[in-house]
Amino acid sequence: MGLFDQIVGAINNPNQEASTNQLSSILGTVQQLSGNLGGDSGATQVAMSILGGHVRSALQQKREESGNGAVQAIINQFAGTDPNPQAVASLFSANQITEIVQSISEKTGFDLSQIQNLLPTLVPLILNLLKTGNDTQNPNQASNNVLNSFLDADGDGDVDISDMMGMASRFLK
């Protein structure tokens, strides 16, 4: 089952945190960011897609080093729609941030400083998408099926944050 299917399933499951309001809030923040960047939603989605791949790698590494509980703790602490530089620092080293910013700039044409300013908002948004699978009774439990779907992706491009955001937008209409 794909990531978007997992999120829709979580919305329909009263035992999971996902809600249409949560999804709307995430999408609204992305649209606002796109507007702040000159209205280029396509480039913003490309940026999210690239960043999503880096977030996946960082969370997979954290899971290998410290287990599912540590990954769930990061998501619970840093998921949101407000900028949070600590969310970025919790996942990436300074060198990784530089590489991510350069990679996004090359693919989107955004200025390096624009991207640097976007990361503290985009990382919590991606984590917020992953938080949709949290158990409402025990959010610290490491049985988040949305997170597991995201982390267990085989890297073939099937799970793409940009595509998922587009599907979510259509779902809410």
Side-chain angles (χ1 to χ4, degrees), residues 1-31 33 44-92 96-97 100 104 118-172:
M1 185 182 285
L3 181 61
F4 181 72
D5 294 331
Q6 292 286 349
I7 292 173
V8 170
I11 288 171
N12 293 323
N13 184 343
N15 296 321
Q16 290 183 292
E17 271 190 37
S19 71
T20 55
N21 288 341
Q22 182 182 18
L23 211 48
S24 291
S25 178
I26 293 167
L27 290 171
T29 302
V30 170
Q31 288 172 343
L33 288 173
T44 304
Q45 288 183 356
V46 168
M48 283 197 71
S49 182
I50 294 167
L51 182 58
H54 288 284
V55 169
R56 177 188 299 124
S57 295
L59 291 176
Q60 285 171 330
Q61 183 177 352
K62 296 273 186 205
R63 182 176 65 177
E64 288 172 17
E65 293 170 356
S66 306
N68 286 332
V71 172
Q72 191 64 51
I74 289 170
I75 290 170
N76 290 343
Q77 182 176 356
F78 297 115
T81 55
D82 294 324
N84 188 342
Q86 291 177 334
V88 178
S90 74
L91 294 176
F92 305 114
Q96 288 173 314
I97 293 169
I100 292 166
I104 292 172
L118 275 179
L119 292 182
T121 302
L122 292 180
V123 169
L125 284 176
I126 292 170
L127 296 177
N128 203 5
L129 281 170
L130 300 176
K131 190 177 180 190
T132 60
N134 275 5
D135 184 308
T136 55
Q137 303 301 313
N138 187 2
N140 294 321
Q141 187 177 6
S143 64
N144 178 331
N145 61 333
V146 174
L147 173 62
N148 292 335
S149 178
F150 181 72
L151 293 180
D152 292 336
D154 59 6
D156 66 357
D158 288 346
V159 177
D160 182 74
I161 293 293
S162 172
D163 292 341
M164 201 284 314
M165 295 295 285
M167 287 186 269
S169 180
R170 289 188 294 280
F171 172 77
L172 290 172

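All figures in this text were calculated on a predicted structure; none of them were measured in a lab. One-based numbering along the sequence shown.
Taking CG from L118 and CE from M48, the interatomic distance works out to 10.0 Å, rounded to the nearest 0.5 Å. Rounding to the nearest 0.5 angstrom, the gap separating the CG atom in L125 from the OG1 atom in T81 is 6.5 Å. Atom CD1 of I75 sits about 11.0 Å away from atom CD1 of I126, to the nearest 0.5 Å. In this structure, the separation between OG on S66 and CD1 on I74 is 7.5 Å, given to the nearest 0.5 Å. We find the CG-CG distance between L127 and L147 to be 9.5 Å, quoted to the nearest 0.5 Å.
Judged by distance alone, with hydrogens and angles left aside, the side-chain atoms of R63 form no donor-acceptor pair with the main-chain N or O of V71 at under 3.5 Å. K62 places no side-chain N or O within 3.5 Å of a backbone atom of S57 that could act as its donor or acceptor partner. In this structure, N84 contributes its side chain and G80 its backbone to no donor-acceptor pair below 3.5 Å.
Between the side chains of Q72 and N134, at least one donor-acceptor pair of N or O atoms lies under 3.5 Å.
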* Residues D82, T29; criterion side chain to side chain contact (heavy atoms under 4.5 Å, CB included); working and verdict -> CA-CA 9 Å; D82 294 324; T29 302; over 6 Å; no
* E65 and Q61: side-chain hydrogen bond (donor to acceptor under 3.5 Å, both in side chains), yes or no, with the steps? -> CA-CA 6 Å; E65 293 170 356; Q61 183 177 352; 2.9 Å; yes
* Asked: How far apart are the C-alpha atoms of V46 and I50, what are their side-chain angles, what is the distance that settles it, and do they pass the side chain to side chain contact (heavy atoms under 4.5 Å, CB included) test?
  -> CA-CA 6 Å; V46 168; I50 294 167; 3.8 Å; yes
* List the steps, then state whether side chain to side chain contact (heavy atoms under 4.5 Å, CB included) holds for V123 with F92. => CA-CA 10 Å; V123 169; F92 305 114; 4.2 Å; yes
* To do: Take N128 and Q22 through the side-chain hydrogen bond (donor to acceptor under 3.5 Å, both in side chains) test and state the conclusion after the steps.
  => CA-CA 8 Å; N128 203 5; Q22 182 182 18; 2.9 Å; yes
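More than 12 heavy atoms of other residues, nucleotides or ligands shown are found within 6.0 angstrom of CD on Q96.
Listed here is the closest heavy atom pair of E17 and K131: OE1-CE, 3.2 Å. Closest heavy-atom contact between L91 and L59: CD2-CD2, 3.6 Å. Taking all atoms of both residues into account, the shortest heavy-atom contact from L119 to P124 is O-CD, 4.0 Å. Nearest heavy-atom pair, P14 versus T136, reported as atom, atom and distance to 0.1 Å: O-OG1, 3.6 Å. Scanning both residues, V146 and L129, for their nearest heavy atoms gives CG1-O, 3.7 Å. Looking at every heavy atom in both residues, A10 comes nearest to T132 through CB-O, 3.5 Å.
When each of N145, N144, L130 is checked for a side-chain contact (heavy atoms from CB on, under 4.5 Å) with Q6, only N145 meets the rule.
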